[in-house]
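Structure record follows, encoded as structure tokens.
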2 protein chains.
Amino acid sequence: MLSRASKYAILSTLYLAEHASKEKKMSVKAIAGSINVPSPFLAKLFQQLVKCNIISSTKGPNGGFFLTEENEKKTVIDIIEEIDGTNKIDDCFLGLAKCDGNNPCPVHFIVEPFKRKIFGKFRDQTIKEFADEVEAQGSVLFLSGLEKKK
Amino acid sequence: MLSRASKYAILSTLYLAEHASKEKKMSVKAIAGSINVPSPFLAKLFQQLVKCNIISSTKGPNGGFFLTEENEKKTVIDIIEEIDGTNKIDDCFLGLAKCDGNNPCPVHFIVEPFKRKIFGKFRDQTIKEFADEVEAQGSVLFLSGLEKKK
DNA sequence: ATATTAAAGGATAAAAAGGTCTTTTAATAA
DNA sequence: TTATTAAAAGACCTTTTTATCCTTTAATAT
């Protein structure tokens, strides 16, 4: 459903929202190390995210990545659409080119409500809101290994 | 979530259940043509499915693929596990290596009920039962294009 | 100003997934 | 028993995805 690339992008953007700020920018390496993602790959993804204004960066000493208030208003759907492309998000679970209520695949009516729910959340919650919820609920953002001490 | 290969395998097995029988075997080409799947690729998948006794085949004139009563008792999960491997089915939506109630990814509690529902169905319904339901509900099995006339 | 730091950019490599083709084997109809 | 048919087997090829590396550019601390 989601490519590994967009999973990385989502997790690291949420991580940025939680741990970085204009005053405390984070380097690719630090983030990649924290959430356990290959850093050169993440660097590429971040280039893309900066270009489309989902995250921000500055170069040089004390440079790094962070979110502006504008960035914080973006959504997870924005990330997915940027990385995976608009079209792929809503693909039929069984691969039918045209799958809808009139033309349902064998699991359409099970998958539909789930999609509605998760993409609704991804669309309606800002990154900031999402990150706050993640923090409040103690959700996990690192792919593997043990949590890094704060 | 599912590879294209296992999507093809599921759709074509359901198609077999509905349209083929010991008396009326179907060739790869016929099936591939009907559901709009590349036939050499489907041929490879069918080899695998025959080996693990999910579908059956005979060679020669009037040969082809069909389901025995034993085959009909297999499940969609059996197909997925054979094609994609046991492990991949239940992967975390956001790619966490270890994602569960104690260690939830940010969308765990949305994804969990969906997985429970769809994999429950895939596990508990036999291919035969599933195919009958598909037929009763008029679900679509062809990937693209128009339905072939019977 | 200059050295240093960290992102940007571009080129490439490795791996996985998806897809094709040709030869061999086995069943059967004639 | 032979020609024919259709699957089995195995070798390839292509595209996409994932991942790495090296050079350039731009901040900034000194």
Side-chain angles (χ1 to χ4, degrees), chain A residues 1-9 11-12 16 20 22-33 35-67 71 80 82-85 87-88 91 95 143-144, chain B residues 1-9 11-12 16 20 22-33 35-68 71 80 83-85 87-88 91 95 143-144:
Chain A
M1 198 155 293
L2 300 181
S3 69
R4 207 181 287 188
S6 67
K7 291 173 185 173
Y8 292 170
L11 294 172
S12 53
L16 269 183
K22 208 166 183 176
E23 291 74 41
K24 191 181 130 208
K25 293 156 194 158
M26 296 193 71
S27 71
V28 178
K29 273 194 183 171
I31 301 158
I35 65 175
N36 254 278
V37 149
S39 76
F41 191 62
L42 187 59
K44 281 291 161 206
L45 292 174
F46 272 9
Q47 280 182 29
Q48 242 184 298
L49 296 177
V50 168
K51 257 191 217 156
C52 68
N53 199 32
I54 290 173
I55 67 178
S56 299
S57 69
T58 63
K59 297 179 178 182
N62 299 318
F65 297 91
F66 63 99
L67 302 191
N71 295 150
I80 298 171
E82 176 60 29
I83 305 292
D84 284 350
N87 42 336
K88 261 194 62 180
D91 279 356
L143 283 176
S144 64
Chain B
M1 195 153 297
L2 300 181
S3 68
R4 207 179 290 188
S6 66
K7 292 172 186 174
Y8 291 170
L11 294 172
S12 52
L16 268 185
K22 208 167 181 177
E23 292 73 42
K24 193 181 130 206
K25 294 155 195 161
M26 294 193 71
S27 71
V28 178
K29 273 195 184 170
I31 301 157
I35 66 176
N36 254 277
V37 149
S39 75
F41 191 61
L42 186 59
K44 281 290 161 206
L45 293 174
F46 272 9
Q47 279 182 31
Q48 244 182 295
L49 296 178
V50 167
K51 256 192 217 156
C52 68
N53 199 30
I54 290 173
I55 67 178
S56 300
S57 69
T58 63
K59 299 180 177 180
N62 297 317
F65 297 91
F66 63 99
L67 303 191
T68 62
N71 296 150
I80 298 172
I83 305 292
D84 285 349
N87 42 334
K88 261 195 65 185
D91 280 357
L143 284 174
S144 63

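In this text, all values refer to a predicted model and were calculated from it rather than measured experimentally. Every chain is numbered from 1 and lettered A, B, ... according to where its sequence line falls, protein lines coming before strand lines.
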Could you tell me if the side chain of B/N71 sits less than 4.5 Å from the side chain of B/I54, heavy atoms only? no

Please give, in whole Å, the distance from C/dG19 C1' to B/L45 CG? 10 Å

Taking atom P of C/dA6 as reference, at what distance in whole Å does atom CG of A/L16 sit? 15 Å

Where protein sits on nucleotides 11-16 of chain C, one letter per nucleotide: B base, S sugar-phosphate only, - none, heavy atoms under 4.0 Å: B-----

Return the value, rounded to whole Å, for the distance between atom CG of A/L2 and atom C1' of D/dT18. 16 Å

Is any side-chain N or O of B/Y8 closer than 4.0 Å to OP1 or OP2 of C/dG18? no

What is the nucleic acid contact for A/S39, judged by heavy atoms within less than 4.0 Å: base, sugar-phosphate only, or nothing? nothing

Shortest side-chain distance from A/F65, nucleotide among D/dT20, C/dA8, C/dG18: C/dA8

Listed nucleotide nearest any side-chain atom of B/Q47, set C/dG9, D/dT18, D/dA8: D/dA8

For a quick check of understanding: with a heavy-atom distance under 4.0 Å over all strands, which category does A/A43 fall into, base, sugar-phosphate or nothing? nothing

Touch class at under 4.0 angstrom, heavy-atom based, for B/F46 against every strand present: nothing

For the side chain of A/K51, counting heavy atoms from C-beta on, which of D/dA7, C/dG9, C/dG19 is nearest? C/dG9

Sort me out a list of protein N/O and nucleotides 26-28 of chain C N/O pairs below 3.5 Å, or just none if empty.
residue : atom : partner : partner atom : Å
C/dA26  : O4'  : B/K59   : NZ           : 3.3

Looking across every strand, which nucleic acid part, if any, lies under 4.0 Å from B/P38 by heavy atom: base, sugar-phosphate, or nothing? sugar-phosphate

